[in-house]
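First up is the structure itself, then whatever we jot down about it.
Atoms within a ligand are numbered from 1 in the order they appear, just like the ligands themselves.
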Amino acid sequence: MPQIEPDYIARVTEGGAAASAYAPRSLDALRIVDDDLRAVLEGRRHLLFDGAMGTMLQAAGLEAGALPELLCLTDPAAVTAVHRAYVEAGSEVVTTNTFGANRLKLATEGAGERLDEVFRAAVACARAAGARYVAADIGPLGSLLRPLGTMSFDEAYSLFAEEVRAAAAAGADLFVIETMTDLLEAKAAVLAAKENSDLPIFATMTFEADGRTFLGTSPEIAAVTLSALGADVVGINCSLGPAELASLAKRMLAVTERPIMVQANAGLPHVECGHTVYDIHAPEYAEAVTAMIEAGVSVIGGCCGTDPEYIRLLKGLIDDRTPSVRAIAPALTVTSAQAIVSLPADRHKIAVIGERINPTGKRLLKESLRQGNLDYLVSQGISQQEQGADILDVNVGLPELDEAAVLPQAVERLTAATTLPLQIDSTDARAVEAAVRRCPGVPIINSVSGKRHVMDEIFPIAAHYGANLIALALDDDGIPETAEGRFAVAERIVSEAERWGIDRSRILVDCLVMTASTNQEQAEEILRAVTMCKGRLGVKCALGVSNVSFGLPARELMNATFLSAALGAGLDAPIMNPGSARYMDTVRAYRVICGEDAGSEAYIERFGSWDDPYKVPVATGAPSTGVSSAADPGAPGNASDDEGDPMRWLIISGRKGEVAALTEELLQSCDPMDLINERLIPALDEVGRRFDSGAFFLPQLMASAEAARAGFDAIKRLMPAGDLTDKGTIALATVKGDIHDIGKNIVKMLLENYGYTVIDLGRDVDPQTVLDVVRDRDVRLVGLSALMTTTVASMEETIQLLHAEAPGVQVIVGGAVLTPEYARAIGADFYAKDAAESARIAEEVFGG
Ligand code: B1M
């Protein structure tokens, strides 16, 4: 097996992973303590974990707020007692008490340097309890990763790597990475485990009631991605009760061959007589787990609220039973943190790969990349998603650019603004690896070819990260002229890839489109090559369709015709401009023909209620020009209705720099409040609608909020100063539990402009803090903002406290979730539907 140059990975990671990272991962390369554990990893045997640790320790009197991991040092007997209870109940695996034992969390208790010691003590507690297998527990770091938070992928990786090394040195038998909600953080943890040890990895994520993690990852995405990265067992923990998790587990079982693990909560917690109790008792829990085992789940255990009694019943379920055999249909599957595109081996399905993020021939993209500005690139990603692309090709190749630095940044920005899986496109292997490593999900690498040095560089990366590959049908002798020649190169690439453990189902062969104007005889050869590769090699095929028309007039017609022919020949993934309605409509029509669009539903939805744009007008007999065709097939498309108002489009696409600039420009001729009410707020409303409908997830919501904030900030900077006399003091706050403050900040800006002194208490403000300020600063008017149905209760609580403790103070409430009736019902003195209304109310209070 080829080995990678030792310091290769160190060059692309700040932390510098181990050289052995590139050894292809198979069970034979792992340190597996015995044959029973091997049988579990091969899906031939069940395995029983333990149940909750935290709730057991709390029940044993652990002080709330103390870091439970430190008990391994301060009270090992208490920890061992919990482990022993589980061993006696039948747990084969004991999970160490190290869920939060990372350097950051330990540092909050002044124990940042004691990580090795904590893991040593934790493993010792598990061994002392007589555990058959000791699983080193690794939980989330407790900080959000970029782009949502501030922690970089490499920092997260380093923190996990410290835990992994400490656990391995302490003698753990396996890792259980659990309760992950961010796929990128889970990726950092799995890579840290795989690159810094040779122990088996069990990895689970935590889902909400809507079947996605807090950051929008579905069970299928989690299962496919964690499996591709090299986790040996994947699954679900915590989240919900076992009945709810059963359906999510079945979705995982359908997409990965890896053993599936489930550790559910004992239902939902509630407080009874001062104690937290869970609503699903052991027998009911075991019954729900039985259904999971029957479906194929082979590794079980418990999470919050479970105790040894639950484990005892689970043991009875797996004794004398072997897991059911599963067969997963092979497919080429590409994921982002929030979307999955799957091309099954046995069916023709089409995935459109958007080609617009590539500076070749695109002046604006080139210029913006040279200026270090990625906003334009992001906007290209968003428009292609709206136009119907399924995957985004990302290429930032310019000679003067450090691709290894810029490509991962482009990936980070795109994953914040769009939900599509990515295709990492570069000829620089360092850049490919840097981007693939930091890309949440399983991308495609574009590309490998039959050239020896390219295969030597790219196969190890694809194998290590579980990425899919585009294989160009060319080698050191160039592009073969015949279909047979291209097929022969493709066949060689596929067999070399399989030596690296890269299954052919993960490969898309690109038979390379030549220009029909100069190589006319090749056009049909390419189509023949597609059919040959698909039929004989069992791979999928991609083609950069628009190359066919260079040098010819009416390029869109030529491209669309070639696209139809190529789809007919078996093309699975056209790399094309989704901004051309003609190309996209060709794909839509072909999806009916190949059966992908069952019942022609999508086709009818698109064309059913339209005037048929392709209809030949009968009256004149003249052929219809019909389709809105872009003169330049490379020009961005117009499928998006957001382009009517550039401000709306810029906010939706999260382009803060441009929002600020446009706001400044508009302020020359526009009233600031009109700008807020007619442009900025409606754009945010659209963002909210998309979030509500599931088209946007949290990263996109945040990017848009940031962009809108840049507009509000510009208005604040440029708004003429109002009457400077102090008309009175008003305290403003967004209520406890709510972090939305854009609206409150507008209200503040306007009130200050009207001459009031505003004490801004910020967001997520405790009722008592509001009361303290009212008393200390002799405030007569308070403005409270709440945007969520769930935080109206805190608003009510704040009003009640103020009315009880500070008689005379009056309260205005506002926020999208409120109505005048609701405001009255919760005891507010005034309701303001917008900022202007709040100024009028202030005039009434202070003027009167
Ligand atoms: Co979130 N969010 N958000 N969000 N967010 C909403 C509110 C939501 C309606 C989106 C949706 O699902 N359609 C939804 C709430 C659903 C509900 O409960 N009914 C929601 C959710 C669910 C969430 C999270 C829970 C998402 C998650 O994490 N899963 C999370 C909440 C975290 C928390 O608070 N604990 C969350 C997070 C965020 C961001 C951080 C990403 C960001 C906020 C950034 C920030 O504020 N710094 C954000 C945003 C931007 C929105 C939307 C898209 C826009 C809100 C906004 O700024 N509107 C929003 C959807 C929507 O409302 N269309 C949504 C513009 C603003 C000017 O309007 O605040 O109403 P508004 O203020 C107006 C008036 O109401 C009035 O004057 C203002 C100016 O005219 N007014 C007052 C407001 N306060 C006043 C006080 C007064 C007087 C007048 O006193 C004097």
(message) Show the atoms of ligand 1 that are less than 4.0 angstrom away from any heavy atom in Val747.
(response) 77 (O), 82 (C), 85 (C), 88 (C), 89 (C), 91 (C)
(message) For atom 60 (C) of ligand 1, what's the nearest protein heavy-atom neighbour? Residue, atom name and distance, please.
(response) Gly688 CA, 3.6 Å
(request) Enumerate the atoms of ligand 1 whose separation from the nearest heavy atom of Asp741 is less than 4.0 angstrom. (result) 45 (C), 46 (O), 47 (N)
(message) Using a 3.5 Å cut-off on N or O atoms only, is Phe691 in polar contact with ligand 1?
(response) no
(request) Looking only at non-hydrogen atoms, find the nearest pair between Val411 and Ala435 and report the distance. (result) CG2-CB, 4.0 Å
(request) From the options Asp760, Asp738, Asp834, Asp764, select the one residue that forms a salt bridge (charged side-chain N to carboxylate O under 4.0 Å, His left out) with Lys744. (result) Asp760
(message) With heavy-atom distances below 4.0 Å as the criterion, list the atoms of ligand 1 near Arg763.
(response) 47 (N)
(request) List the closest protein heavy-atom neighbour of atom 49 (C) of ligand 1: residue, atom name, distance to the nearest 0.1 Å. (result) His740 CD2, 3.7 Å
(request) Give the atoms of ligand 1, by number and element, whose distance to some non-hydrogen atom of Ala832 is under 4.0 Å. (result) 88 (C), 89 (C)
(request) Could you name the option among Thr789, Val811, Leu784, Asp685 that has the heavy atom nearest to atom 17 (C) of ligand 1? (result) Thr789
(message) If I apply the N/O under 3.5 Å rule, does Ser838 come out as touching ligand 1?
(response) no
(request) Please write down residue, atom name and distance for the protein heavy atom closest to atom 83 (C) of ligand 1. (result) Gly815 N, 3.3 Å
(request) Could you check which of Gly216, Ala828, Ala816 puts a non-hydrogen atom nearest to atom 70 (O) of ligand 1? (result) Ala816
(message) Test your reading of the model: is there a side-chain donor-acceptor pair from Gln700 to the backbone of Thr418, 3.5 Å cut-off?
(response) yes
(request) Counting heavy atoms only, name the option from Ile730, Ile742, Leu787, Leu684 that's nearest to atom 55 (C) of ligand 1. (result) Leu787
(request) Might you point out which heavy atoms bring Ile236 and Ala249 nearest each other, and give the distance in Å? (result) CD1-N, 3.6 Å
(message) Could you tell me, atom by atom, which parts of ligand 1 come under 4.0 Å of a heavy atom of Leu732?
(response) 91 (C)
(message) Give me the nearest non-hydrogen protein atom to atom 73 (C) of ligand 1 as residue plus atom name, then the distance to 0.1 Å.
(response) Gly743 CA, 4.2 Å
(request) Provide, to 0.1 Å, the distance between atom 44 (C) of ligand 1 and the closest protein heavy atom, together with that atom's residue and name. (result) Ala705 CB, 3.9 Å
(request) Could you please spell out the steps behind the salt bridge (charged side-chain N to carboxylate O under 4.0 Å, His left out) verdict for Asp674 and Arg679? (result) CA-CA 8 Å; Asp674 287 350; Arg679 314 286 285 268; over 6 Å; no
(message) Which heavy atom of Val809 sits nearest to which heavy atom of Leu781, and what is that distance?
(response) CG2-N, 4.3 Å
(request) Give the numbers and elements of all ligand 1 atoms closer than 4.0 Å to a heavy atom of Asp834. (result) 76 (C), 77 (O), 80 (O)
(request) Do me a favour and list the nearest non-hydrogen protein atom to atom 40 (C) of ligand 1 with residue, atom name and distance? (result) Ile739 CD1, 3.9 Å
(message) Can you report which non-hydrogen protein atom sits closest to atom 15 (C) of ligand 1, along with the distance?
(response) Met788 CG, 3.8 Å
(request) Just jot down the ligand 1 atoms closer than 4.0 angstrom to any heavy atom of Ile746, in number order. (result) 67 (C)
